[in-house]
Amino acid sequence: MAPEIQSLFPSTTAVLLLLGACLSAAAVAALGAADDASRPAVPLPGGGARRVLFANGLRLTPQMGWNSWNHFQCDINEAVVRRTADALVATGLAKAGYKYVNLDDCWADYQRTKEGYMIANPKTFPSGIKALADYVHSKGLKLGIYSSAGTRTCSNRMPGSLGHEDKDAKTFASWGVDYLKYDNCYRDGTPETVRFGRMSRALKNSGRPIFYSLCEWGYMEVPKWGGMYGNSWRTTGDIIDTWSGMLDNIDRNDAYARYAKPGGWNDPDMLEVGNGGMAYNEYVVHFSLWAIAKAPLVIGCDVTRVSKETLGILSNAEVIAINQDRMGVQGNKVKKYGNDLEVWAGQLSRHRKAVLLLNRGATRSASITAAWPDVGIRRGVTVEARDVWKHETLPGRFTGSLTAVVGPHSCKLFVLTPVPR
Ligand code: GLA
């Protein structure tokens, strides 16, 4: 929901703004490069290291949790959030890694207080956010909150944080909030690099480590600068719970694969698994693509009524392990056969590869080949292939390529491990 999304650069003034923004992005990049040396480095197997981006020490692997928006939209209250925290624990999802319980839009009162503070909506969150954070923490989970880099949030039901960044960041920290999703509605003419940067500094000064999730929809090529400010950045508009909507988001996100690193992730939006718009095999594809692309795994369904099928997808430990691999390399599309057949691949730790064979076609099964040069394996190398949806290691070993038959709107996801010949 983004009622006031404007065309980004409609006028001469906007062109000047763009110029300013580019200059400020360049300045930011220069600054970032300057203090990069002080950032922690992630050791890699075989030596070397990749510098962590925004150095608040949070989420060296993509964040995992739940968010209220995709299922509940504005229909949220403290009972729903408490029940969700309970359900994350009871279903085993918390143990599988889903730790953040994130409020999205509509948690706050319509206006700030006379003193200028944002407060919880007294009707829907009568106990306040601090009490909710205490409850969520008592379950071993973390609480996330939401605001916008504008005067109002996208629903227009609550204030945004533009001009109140320090006050709001300190307020969130005082409540025990662990995560901020920061949206882009009701902005003024100031470029994203400036408005999102201000909140980044405010969070840094808030006295509490707060995961910072930028939600500016991929404007201003955010993957190129998001890592200077935050832990993840949306690369797309809102996900739509359909096969083509889901693929559209992951395709856009794919263009930026090289910018993802431990501590800073491309975000093609939250999961729709379990919300009913796609078939089982399509949700398997959705989850597999998000896993291999190192996307945040933020559940968007009602986990208090989750089906066995949905739970089976969301809690597949082998697929989650691909997403949470400590190297943090975003897998990407490496080969296309015609319009419908694709191979995606990504490096994993211990010299392994994640390989996904995707059939986007609606009618026919097809045989898809992952050839070693395409997936980045040296020609003579022999591997074992683990099918992480069947939880089976394929019989035999593979040298040069791996071929499998994939049904319509389906995928196969493998982990390939080199073995001595
Ligand atoms: C925007 C965001 C969504 C959601 C809504 C809330 O559209 O992109 O993810 O937060 O606002 O209004």
Side-chain angles (χ1 to χ4, degrees), residues 1-8 62-77 80-81 84 100-111 118 120-121 124-125 129 143-162 168 172 177 179-187 192 195-196 199 210-223 226 229-242 245-246 248-250 252-253 256 265-275 277 286 290 295-302:
M1 190 198 284
E4 49 61 83
I5 295 178
Q6 311 129 357
S7 145
L8 193 53
Q63 70 267 35
M64 294 177 66
W66 171 89
N67 171 292
S68 52
W69 184 255
N70 283 358
H71 184 85
F72 292 95
Q73 310 222 319
C74 274
D75 200 11
I76 49 165
N77 57 59
V80 164
V81 181
T84 297
Y100 288 105
V101 179
N102 294 346
L103 303 174
D104 206 280
D105 208 343
C106 307
W107 62 267
D109 204 7
Y110 189 76
Q111 300 285 17
M118 233 194 245
N121 182 319
T124 47
F125 291 86
I129 303 299
L143 187 77
I145 212 159
Y146 164 95
S147 185
S148 179
T151 51
R152 308 283 296 166
T153 63
C154 299
S155 66
N156 193 12
R157 295 214 198 162
M158 58 174 274
S161 293
L162 188 65
D168 290 354
F172 299 154
V177 163
Y179 184 117
L180 174 68
K181 171 175 168 183
Y182 204 44
D183 217 331
N184 201 16
C185 281
Y186 292 94
R187 52 196 178 274
E192 277 74 18
R195 284 177 293 114
F196 283 80
M199 183 51 95
I210 297 182
F211 185 102
Y212 185 27
S213 152
L214 280 65
C215 178
E216 60 86 273
W217 313 309
Y219 287 4
M220 289 194 72
E221 301 204 279
V222 65
Y229 296 137
N231 301 108
S232 68
W233 45 88
R234 279 271 297 274
T235 52
T236 69
D238 290 5
I239 190 167
I240 301 169
D241 187 12
T242 60
M246 177 275 291
D248 193 45
N249 272 31
I250 202 70
R252 284 172 201 274
N253 189 71
Y256 298 107
W265 309 104
N266 287 315
D267 176 3
D269 205 0
M270 303 170 292
L271 298 167
E272 291 285 12
V273 178
N275 277 334
H286 176 15
W290 262 239
L297 298 181
V298 180
I299 298 172
C301 70
D302 179 357

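As the structure lists them, so they are numbered: ligands from 1, and atoms in each ligand from 1. Along the sequence shown, residues are numbered consecutively beginning with 1.
With rounding to the nearest 0.5 angstrom, the OH atom of Tyr219 is 5.0 Å from the CZ atom of Arg187. Taking OH of Tyr179 as the start and OH of Tyr212 as the end, the distance is 12.0 Å to the nearest 0.5 Å.
With no hydrogens or angles considered, no side-chain donor-acceptor pair links Tyr100 and Gln63 at under 3.5 Å. No hydrogens or angles considered: a donor-acceptor pair under 3.5 Å links the side chains of Asn67 and Asp104. For the 3.5 Å distance criterion, the side chains of Asn266 and Trp233 qualify, holding a donor opposite an acceptor. In the model, Thr236 has no side-chain atom that pairs as donor or acceptor with a side-chain atom of Asp269 under 3.5 Å.
Residue Arg234 has at least one N or O atom closer than 3.5 Å to an N or O atom of ligand 1. Considering backbone and side-chain N/O of Asp269, none are found under 3.5 Å from N/O of ligand 1.
Gln73 does not count as a contact of ligand 1, since none of its heavy atoms falls under 4.0 Å from the ligand. Taking a 4.0 Å cut-off on heavy atoms, Thr153 fails to register as neighbouring ligand 1.
Interface atoms of ligand 1 facing Cys154, defined by a heavy-atom separation under 4.0 Å, are 1 (C), 11 (O), 12 (O). Less than 4.0 angstrom separates some heavy atom of Cys215 from each of these atoms of ligand 1: 2 (C), 8 (O). Within ligand 1, the atoms closer than 4.0 Å to a non-hydrogen atom of Asp104 are 4 (C), 6 (C), 10 (O), numbered from 1 in the order shown. Contact atoms of ligand 1 toward Lys181: 3 (C), 4 (C), 9 (O), 10 (O) (distance under 4.0 Å to a heavy atom of the residue).
Residue-level proximity to ligand 1 for Cys185 is absent, since no heavy atom of it falls below 4.0 angstrom.
Listed by chain and residue number, Lys181, Asp183, Trp217, Arg234 satisfy the side chain to side chain contact (heavy atoms under 4.5 Å, CB included) test with Cys215 (two or more places apart in sequence, or in another chain).
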